[in-house]
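Everything numeric here is computed off the predicted structure, so don't read it as measured data.
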Amino acid sequence: EVRTSGGYQQTLPPRSPVGTPSVEKPIEPSKKGVRLWAVSDVHSDIDENFEWIKNLSEDEFLQDAIIVAGDVSDSLDRLEATLNVFKEKFRTVFFT
């Protein structure tokens, strides 16, 4: 669950105990605007973490943007697959 000072709540699938994927929401969401999310160190080459990403809502984030930062995967194929999954779930994906 992510909570901001305005009391907004968002329930996400539980994180895997392996690795440290985390989601931060740095700005207060608008009921009609785009929300900006950030996730780092998802280590998607660990299957449990990749499943966590795939289990994010199919429709909750379609108007939102996400910044994917940090360690994603050591495999280029898994990196591409991970970014494609984020792209299916978010309108805009930034990778750093």
Ile53 and Ser44: which non-hydrogen atoms are nearest, and at how many Å? CD1-CB, 4.0 Å
Please name the pair of heavy atoms, one in Leu62 and one in Arg91, separated by the smallest distance, quoted to 0.1 Å. O-CB, 3.1 Å
Using 30° and 60° as the class boundaries, would you call the ring planes of Phe90 and Trp37 parallel, tilted or perpendicular? perpendicular
Kindly say whether Ser73 contributes a backbone atom to a donor-acceptor pair with the side chain of Asp45 at under 3.5 angstrom? no
Can a donor-acceptor pair be found, under 3.5 Å and without considering hydrogens, that links the side chain of Asp64 to the backbone of Arg35? yes
So, taking the atom named CZ in Phe94 and the one named CZ in Phe86, what distance separates them when rounded to the nearest 0.5 Å? 14.0 Å
Using side-chain heavy atoms (C-beta onward) and a distance below 4.5 Å, is Val68 in contact with Thr96? no
Taking the side chain as everything from C-beta on, heavy atoms only, tell me whether Val39 gets closer than 4.5 Å to Ile67. no
Scan residues 69-87 for pairs that pass salt bridge (Lys or Arg N to Asp or Glu O under 4.0 Å), counting only residues two or more places apart or in two chains. Asp47-Arg78
Worked check of side-chain contact (heavy atoms from CB on, under 4.5 Å) between Thr92 and Ile66: CA-CA 6 Å; Thr92 305; Ile66 188 166; over 6 Å; no
Lys/Arg-Asp/Glu bridge criterion (N-O < 4.0 Å) met for Lys54, Glu88: no
Would Phe95 end up clustered with Phe50 when hydrophobic side chains under 4.5 Å apart are linked, directly or stepwise? yes
